Number of protein chains: 2
Amino acid sequence: MTTRDPQATALARLAALFADETRAACLLALLDGRAWTASELARHAGVAASTLSEHLGRLVAGGLLAEERQGRHRYVRLADARVAQLVEDLAAQVAPGRAVRPRNLRESSAGAAMARGRTCYDHLAGRLGTAVTDALTARGLLQQETGFALTGAGLAWFESAGIGLDRRGRRPLARACLDWTERRPHLAGVAGAALCRHALEKEWCVRIGSERAVKVTAAGERALFDLLGVEAAALRLTPGLTEQAHHPMGR
Amino acid sequence: MTTRDPQATALARLAALFADETRAACLLALLDGRAWTASELARHAGVAASTLSEHLGRLVAGGLLAEERQGRHRYVRLADARVAQLVEDLAAQVAPGRAVRPRNLRESSAGAAMARGRTCYDHLAGRLGTAVTDALTARGLLQQETGFALTGAGLAWFESAGIGLDRRGRRPLARACLDWTERRPHLAGVAGAALCRHALEKEWCVRIGSERAVKVTAAGERALFDLLGVEAAALRLTPGLTEQAHHPMGR
DNA sequence: CTGACGCTTCGGCCGCCGCCGAAGTGTCCC
DNA sequence: GGGACACTTCGGCGGCGGCCGAAGCGTCAG
């Protein structure tokens, strides 16, 4: 039985790249969209540098990571948006109903910060991401009734807000990404990425800590309210949701 | 280092289910949306019944498969549309640019039949799927410019064609699924499933062989032309595409 | 030049898991 | 009841791969 279904072989080989806890931790960390050095990842994952070097070799060879050598540093990042989406999809499949159960205070507060707002590769997620998505929908700029697409008014809004959308390329303009803390869709795709980039440039939100979590600034609250009618209250976690996220119903 | 990131652990555990060639072959086979018995899958994958039994145990325990016991048979199918989408996503990631390279005539003609038309869990794919999607788009029933959503006219079309859409539930009405032979999006989600079910019920197409491939009937060609203006020629593979699909550029 | 540093390679260890055949359990048919 | 059949459990085998520390290589700073 030496010849088997080549598609099954390829699928198994791809999945094997995700099927190790250390590599999974790296891929999740890289969901912040930035480039990490090998030693940062080794420290993050809690393994020896030599071990991590081999993992990176596999991930790069498998096309999941892109690398860039600078002097004695090896920077890696997710290869492209497709890979990021795959990581998100797998992570979302795993999360629903049993979000991170914090073991101590630090994990708990870090988890809450991530739940309030974070980047998901190149777009906004968490409470912030869904609040913005809801606001776009409520204003008729985005429609989710029969799919997930910007409306004509939505296109005009991006234009008037000075957020350019690159419509060349195959990447969809708007796409739903399932949020794994909110368990609801939020805006991804070209428009989601552009909005996130704009928000970081204009400092509507800033990164906190070394990972994906972001915090909405005072200027950001004002801008979100003025442009989209997002109430500051909508950006806070409701106690119920927090509770639910932190004490999920068994496995 | 006994306590690690629980999300990474869960992600790795999930991916491990896909990371075996035998299990991958089962999951791909089950993409036909039907229930298979354990022995059918064992024969399909080319392993002993005992081996496959253990694989099924893991897949069911991991939530990827649902099982149904009937007498001395154990029927399994993909647990739900979410799982099917995950399998598709992984398969699509692997396929682009290097579709199945046939080793002999049988594989080649089976591959061509799959490329012409097949089901992808519960919706239509292959040339058939993209032709229908293109026709819907060309007639203004589906819009892909700023996302992927049915238009008002699209909703009316489904209504008038007598294809009911169940709009309760969280599943999106329309969603893009990337086709791994055509390398273009086609209609999935509630509308895609309803259309596929309707097409099979009305015998616009019939299953051929024991797997996912389907063949458009004469009645089907007529119905697709009358309702959507799909030309019969659009359902045939263009030589260029076939060529490309069968002789991909390296690995 | 020298030492510090980031990364890689290598060898060796260990545990996991996919495979099989044999034996066991439950179901169906005659 | 008896035999065929679908599936499961078990024991044993073999290979893969993740882990580390030690040693090596290139880069950078002083």
Side-chain angles (χ1 to χ4, degrees), chain A residues 1-5 8-30 35-62 64-77, chain B residues 1-5 8-30 35-62 64-77:
Chain A
M1 208 47 50
T2 80
T3 69
R4 301 275 285 276
D5 177 359
T9 310
L11 199 164
R13 207 190 304 273
L14 172 65
L17 292 175
F18 291 87
D20 172 82
E21 187 168 349
T22 299
R23 285 193 296 265
C26 292
L27 291 166
L28 287 170
L30 289 164
W36 291 51
T37 66
S39 41
E40 280 169 343
L41 285 171
R43 202 172 329 113
H44 175 76
V47 297
S50 58
T51 300
L52 202 107
S53 175
E54 289 170 8
H55 285 309
L56 291 187
R58 282 166 170 264
L59 290 169
V60 169
L64 295 186
L65 301 188
E67 70 180 356
E68 217 165 316
R69 309 246 177 181
Q70 272 180 29
R72 54 186 171 182
H73 293 285
R74 177 192 207 179
Y75 285 96
V76 293
R77 53 185 164 73
Chain B
M1 208 49 46
T2 82
T3 69
R4 301 274 286 275
D5 177 358
T9 309
L11 199 163
R13 207 190 304 274
L14 172 65
L17 292 176
F18 291 85
D20 172 81
E21 187 168 349
T22 299
R23 285 194 295 267
C26 292
L27 292 166
L28 288 171
L30 289 163
W36 292 50
T37 66
S39 39
E40 282 170 340
L41 285 172
R43 202 172 330 114
H44 175 77
V47 298
S50 58
T51 300
L52 202 107
S53 175
E54 289 171 8
H55 286 308
L56 291 188
R58 281 164 171 264
L59 291 170
V60 169
L64 295 186
L65 300 188
E67 72 180 354
E68 215 165 315
R69 310 248 176 178
Q70 272 180 30
R72 55 185 171 182
H73 293 285
R74 178 193 207 177
Y75 285 95
V76 293
R77 53 185 164 72

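Being a predicted model, the structure only gives us computed values, none of them experimental. Here is the naming used below: chain letters follow the sequence lines, and residue numbers restart at 1 for every chain.
Atom CZ in A:R23 sits about 12 Å away from atom C1' in D:dC16, given to the nearest Å. Between B:H73 atom NE2 and D:dC5 atom C1' the separation is 8 Å, expressed in whole Å. Between the CG atom of B:L41 and the C1' atom of D:dT8 there is a distance of 16 Å, rounded to whole Å. In this structure, A:L52 places its CG atom 9 Å from P of C:dT8, rounding to the nearest Å. Rounded to whole Å, atom P of D:dC7 lies 11 Å from atom CD of B:E67. The NE2 atom of A:H55 sits 15 Å away from the C1' atom of C:dC7 (whole-angstrom rounding). The distance from atom CG of A:D20 to atom P of C:dG15 is 17 Å, rounded to the nearest whole Å. Summarising the geometry, the separation between CG on A:L56 and P on C:dG6 is reported as 15 Å, rounded to the nearest angstrom.
Under the side-chain contact (heavy atoms from CB on, under 4.5 Å) rule, A:C26 has a single partner from A:V76, A:V47, A:L65, A:L41, which is A:L41.
In this structure, the nucleotide among D:dC19, D:dG18, D:dC7 sitting nearest to the side chain of A:R58 is D:dG18. Across C:dT8, D:dA6, D:dC19, the shortest atom-to-atom separation from the side chain of B:S39 is found for D:dA6. The side chain of B:R74 has D:dT8 as its nearest neighbour among D:dT8, C:dC17, C:dC19.
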Tabulate atom names and distances for all N/O pairs under 3.5 angstrom spanning the protein and nucleotides 26-30 of chain D.
from, atom 1, to, atom 2, distance (Å)
D:dT27, O2, A:R72, NH1, 3.3

Set out, line by line, the N/O atom pairs under 3.5 Å between protein and nucleotides 21-24 of chain D.
from, atom 1, to, atom 2, distance (Å)
D:dG21, O6, A:S50, OG, 3.0

For a quick test of your reading: what N or O donor-acceptor pairs under 3.5 Å do the side chains of residues 52-62 of chain B make, sequence neighbours left out?
from, atom 1, to, atom 2, distance (Å)
B:H55, ND1, B:R23, NH1, 3.1

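Rounded to 10 degrees, the angle between the two end axes of the helix from C:dC1-D:dG30 to C:dC30-D:dG1 is 30°, with five pairs used at each end.
For A:A16, the side-chain contact (heavy atoms from CB on, under 4.5 Å) partners are B:A19, not counting sequence neighbours. Residues passing the side-chain contact (heavy atoms from CB on, under 4.5 Å) test with B:A48, sequence neighbours excluded: B:S50, B:T51.
Within 4.0 Å of A:A49, counting heavy atoms only, lies at least one base atom of the nucleic acid.
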